[in-house]
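Single-structure report; data block below.
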Amino acid sequence: MIAASLVVAGSVVTLAGEHKPNKDIVEIAASNSSFTTLVAAVKAAGLVETLQSSGPFTVFAPTDEAFAKLPAGTVENLLKPENREQLVAVLTYHVVPGKVLVKDVVGLKAAKTVQGQDVKVTVSDMGVMIDNARVVATDIKAENGVIHVIDSVILP
């Protein structure tokens with residue numbers, strides 16, 4: 001059993017108490033109240049089945065608070081059916097093929113996303129940054145990959 005906690009905006013978020021690698025990425029995200037916006041977006045984009053497949057995938061998962069940092073109306077606009085392609089592009093920009101653990105991330109300068117573009121990886125005394133997002137929790141293992149929690153939504 002693996003339990004992970006992180007501090008988001010001063011409050012502790014516990015990531016689904018029990019993280020046995022017998023849950024897929026979507027199940028882990030859906031079992032945590034900090035990822036309701038992400039899960040809704042994955043459903044609206046039609047990516048549930050993909051992120052439940054064997055993968056493996058590395059997901060840089062923004063919390064609800066990360067989505068709340070976007071300009072007012074952005075999330076609602078992205079969730080509209082007519083903006084599905086744009087939503088898919090944003091979400092797949094948060095996914096890297098393969099299982100990249102934090103020990104691997106820190107050795108990278110960039111990583112190619114499922115969306116096709118590279119995310120910039122910066123490691124400093126301040127921690128690990130993926131583009132403009134700080135990694136706040138790492139190595140949440142799923143049966144089909146790994147989740148790293150980020151504090152901002154990254155955009156292609």
Side-chain angles (χ1 to χ4, degrees), residues 4-16 19 23-53 55-100 102 105-106 108-124 126-140 142 144-156:
S5 295
L6 66 137
V7 178
V8 179
S11 60
V12 175
V13 177
T14 300
L15 298 173
H19 278 310
K23 288 186 177 182
D24 63 51
I25 289 167
V26 175
E27 290 171 325
I28 290 171
S31 69
N32 185 279
S33 61
S34 294
F35 299 113
T36 57
T37 306
L38 177 61
V39 172
V42 167
K43 288 177 181 176
L47 294 174
V48 171
E49 191 172 296
T50 301
L51 290 175
Q52 289 183 320
S53 70
F57 304 105
T58 298
V59 176
F60 295 102
T63 61
D64 291 344
E65 290 172 354
F67 278 101
K69 291 180 183 179
L70 292 171
T74 302
V75 173
E76 295 78 9
N77 193 44
L78 283 171
L79 293 176
K80 292 179 181 176
E82 62 268 24
N83 296 324
R84 184 173 182 262
E85 282 184 39
Q86 186 180 6
L87 179 60
V88 168
V90 169
L91 292 175
T92 56
Y93 189 67
H94 288 78
V95 181
V96 172
K99 186 175 183 177
V100 185
V102 73
V105 171
V106 298
L108 301 175
K109 299 273 186 237
K112 180 159 286 311
T113 68
V114 171
Q115 182 264 353
Q117 294 180 329
D118 287 354
V119 289
K120 181 180 173 187
V121 179
T122 309
V123 180
S124 72
M126 306 269 300
V128 178
M129 300 290 290
I130 304 298
D131 283 352
N132 65 335
R134 182 172 317 284
V135 177
V136 295
T138 61
D139 291 348
I140 301 163
N144 62 340
V146 63
I147 299 169
H148 303 294
V149 182
I150 56 177
D151 69 352
S152 298
V153 176
I154 55 177
L155 300 171

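Remark: Ile140 CD1 to Asn32 CG distance equals 8.0 Å, nearest 0.5 Å. The distance from the CG atom of Leu79 to the CD atom of Gln86 is 11.0 Å, given to the nearest 0.5 Å. A distance of 7.5 Å separates CD of Glu82 from CG of Asn77, quoted to the nearest 0.5 Å.
The environment of Lys120 atom NZ is sparse: at most 12 non-hydrogen atoms of other residues, nucleotides or ligands sit within 6.0 angstrom. Residue Glu49 qualifies as open at atom CD: its count of foreign heavy atoms under 6.0 Å is 12 or below. Other residues, nucleotides and ligands place more than 12 heavy atoms under 6.0 Å from the CD atom of Glu76.
The shortest heavy-atom contact between Leu87 and Ala41 is CD2-O, 3.5 Å. Ala61 approaches Ile147 most closely through the heavy-atom pair CB-CG2, 3.7 Å. Here the closest non-hydrogen pair linking Pro156 and Ala89 is CG-O, 4.0 Å. Closest approach of Gly127 and Arg134 over heavy atoms only: N-NH1, 4.3 Å. The two residues Asp64 and Thr36 come nearest to each other via the heavy atoms OD2-OG1, 2.6 Å. The heavy-atom pair separating Asp139 from Val146 by the smallest distance is CA-CG2, 3.5 Å.
The aromatic ring centres of Phe60 and His94 sit 6.0 Å or more apart.
By the 4.5 Å heavy-atom criterion applied to side chains, Asp24 and Leu51 are not counted as neighbours. In this structure, the side chains of His148 and Thr58 come closer than 4.5 Å at one or more pairs of heavy atoms. Side-chain contact check for Val100 versus Leu108: some heavy-atom pair is nearer than 4.5 Å. Contact of the Ile28 side chain with the Phe35 side chain is not registered, since no non-hydrogen atoms from C-beta on lie closer than 4.5 Å. With a 4.5 Å cut-off on side-chain heavy atoms, Leu38 and Leu91 count as touching. Using a 4.5 Å heavy-atom cutoff, the side chains of Asp131 and Ile150 are not in contact. When side chains are defined from C-beta on, Thr63 does not count as touching Asp151, because their heavy atoms never get closer than 4.5 Å.
For the pair Asn144 (side chain) and Gly55 (backbone), a donor-acceptor distance under 3.5 Å is absent.
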side-chain contact (heavy atoms from CB on, under 4.5 Å) evaluation trace for Val121 with Ile130: CA-CA 5 Å; Val121 179; Ile130 304 298; 4.0 Å; yes
Show every donor-acceptor pair shorter than 3.5 Å between a side-chain atom in residues 112-119 and any protein atom, with sequence neighbours excluded, or say none if there are none.
| unit_1 | atom_1 | unit_2 | atom_2 | d |
| --- | --- | --- | --- | --- |
| Lys112 | NZ | Gly116 | O | 2.9 |
| Thr113 | OG1 | Gln115 | N | 3.3 |
| Thr113 | OG1 | Gly116 | N | 3.3 |
| Thr113 | OG1 | Gln117 | O | 2.8 |
| Gln115 | OE1 | Gln117 | N | 3.0 |

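At a cut-off of 3.5 Å, with distance as the only test, no side-chain donor of Asn132 or Ser152 sits close to an acceptor on the other residue.
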